[in-house]
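Report on one structure; see the data block that follows.
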Amino acid sequence: QVHLVESGGGLVQAGGSLRLSCAASGLSFRRYAMAWFRQAPKKEREFVGSINWSGASTDYAYSVKGRFTIYRENVKNSVYLQMSSLKPEDTAVYYCATEGSYYGSSSAKYTYWGQGTQVTVSS
């Protein structure tokens, strides 16, 4: 069974940085693309970014491009979301997800999800 666990969320001031982690088990992680999504109150779940199986290719939502970075350490079965220049609008529950080879922006395509970690950015 595939199990994804996010961690690293917390409270941070605007302009600050935070790194989220997603630990995976129950799958051949080194061959799985991964993605990050977020969901703020009263909003739909939205794509944040993704990374292919090797880490050679990444994709980001326009709203976070240049501020967030996704990378992975396959030997640790983990993927990370490094966030900087955080804004109050980044406040949301952040989720990691996987399907296999897919790493596009459609949340409906993903079949496995973590339970999320809360990120709160204060002004």
Side-chain angles (χ1 to χ4, degrees):
Q1 55 182 333
V2 177
H3 190 211
L4 306 177
V5 180
E6 302 95 337
S7 63
L11 176 64
V12 63
Q13 293 188 101
S17 299
L18 206 61
R19 189 186 75 165
L20 305 184
S21 300
C22 175
S25 62
L27 75 167
S28 298
F29 184 80
R30 60 187 174 185
R31 297 296 183 184
Y32 270 65
M34 303 291 293
W36 285 95
F37 287 80
R38 67 186 182 186
Q39 188 165 20
K42 303 179 182 179
K43 295 184 178 180
E44 295 184 350
R45 188 167 298 186
E46 66 174 343
F47 175 77
V48 175
S50 59
I51 188 167
N52 80 328
W53 68 272
S54 70
S57 182
T58 54
D59 191 30
Y60 300 95
Y62 181 80
S63 61
V64 306
K65 199 168 187 177
R67 298 188 298 121
F68 291 10
T69 301
I70 295 173
Y71 64 98
R72 65 193 298 161
E73 296 183 13
N74 286 354
V75 295
K76 296 182 178 180
N77 286 357
S78 297
V79 63
Y80 306 91
L81 180 65
Q82 178 65 55
M83 305 182 291
S84 61
S85 300
L86 284 162
K87 306 173 181 179
E89 64 197 59
D90 295 318
T91 296
V93 176
Y94 284 71
Y95 302 87
C96 62
T98 189
E99 181 275 336
S101 60
Y102 180 77
Y103 62 107
S105 61
S106 178
S107 62
K109 298 289 186 180
Y110 293 88
T111 52
Y112 301 101
W113 296 82
Q115 292 187 322
T117 185
Q118 175 71 233
V119 172
T120 302
V121 184
S122 63
S123 60

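- A chain of hydrophobic side-chain contacts below 4.5 Å, direct or via other Ile, Leu, Val, Met, Phe, Trp or Tyr residues, connects Tyr102 to Tyr95.
- Taking the side chain as every heavy atom from C-beta outward, Glu6 and Tyr94 never approach each other to under 4.5 Å.
- Here the closest heavy-atom approach between residue Ala33 and residue Ser101 is recorded as CB-O, 3.8 Å.
- The side chain to side chain contact (heavy atoms under 4.5 Å, CB included) search around Val12 returns Leu86, Val121, not counting sequence neighbours.
- Residues meeting the side chain to side chain contact (heavy atoms under 4.5 Å, CB included) test with Ser85, sequence neighbours left out: Arg67.
- With a 4.5 Å cut-off on side-chain heavy atoms, Leu81 and Phe68 count as touching.
- Across Cys22 and Leu4, no two heavy atoms sit closer than the pair SG-CB, 4.1 Å.
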Only pairs under 3.5 Å count here: list side-chain donor-acceptor contacts from residues 105-112, not counting sequence neighbours, and write none if there are none.
| from | atom 1 | to | atom 2 | distance (Å) |
| --- | --- | --- | --- | --- |
| Tyr110 | OH | Gly104 | N | 3.2 |
| Tyr110 | OH | Gly104 | O | 2.7 |

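- Taking OG from Ser84 and CG from Leu18, the interatomic distance works out to 11.0 Å, rounded to the nearest 0.5 Å.
- Under the 4.5 Å side-chain contact rule for hydrophobic residues, Ile51 and Trp36 share a cluster.
- Within the model, atoms CD of Gln118 and CG of Leu20 stand 10.5 Å from one another, a figure rounded to the nearest 0.5 Å.
- Summarising the geometry, atom CG belonging to Asn52 is positioned 11.0 Å from atom CD1 belonging to Ile70; distances are rounded to the nearest 0.5 Å.
- Interatomic distance, CE of Met83 versus CZ of Arg19, reported as 11.0 Å (0.5 Å rounding).
- Taken from NZ in Lys87 to OG in Ser123, the straight-line distance is 14.0 Å, to the nearest 0.5 Å.
- Every pair passing ring pair (Phe, Tyr, Trp, His ring centres under 6.0 Å) that includes a residue from residues 46-66 is listed here, sequence neighbours excluded: Phe37-Phe47.
- Partners of Asn74 by side chain to side chain contact (heavy atoms under 4.5 Å, CB included), not counting sequence neighbours, listed by chain and number: Phe29, Arg30, Arg72.
- Atom OH of Tyr103 sits about 8.5 Å away from atom OG1 of Thr58, to the nearest 0.5 Å.
- The nearest pair of heavy atoms linking Tyr71 to Glu73 is CE1-OE2, 4.0 Å.
- Remark: Glu46 engages Arg38 in a side-chain hydrogen bond (donor to acceptor under 3.5 Å, both in side chains) (not counting sequence neighbours).
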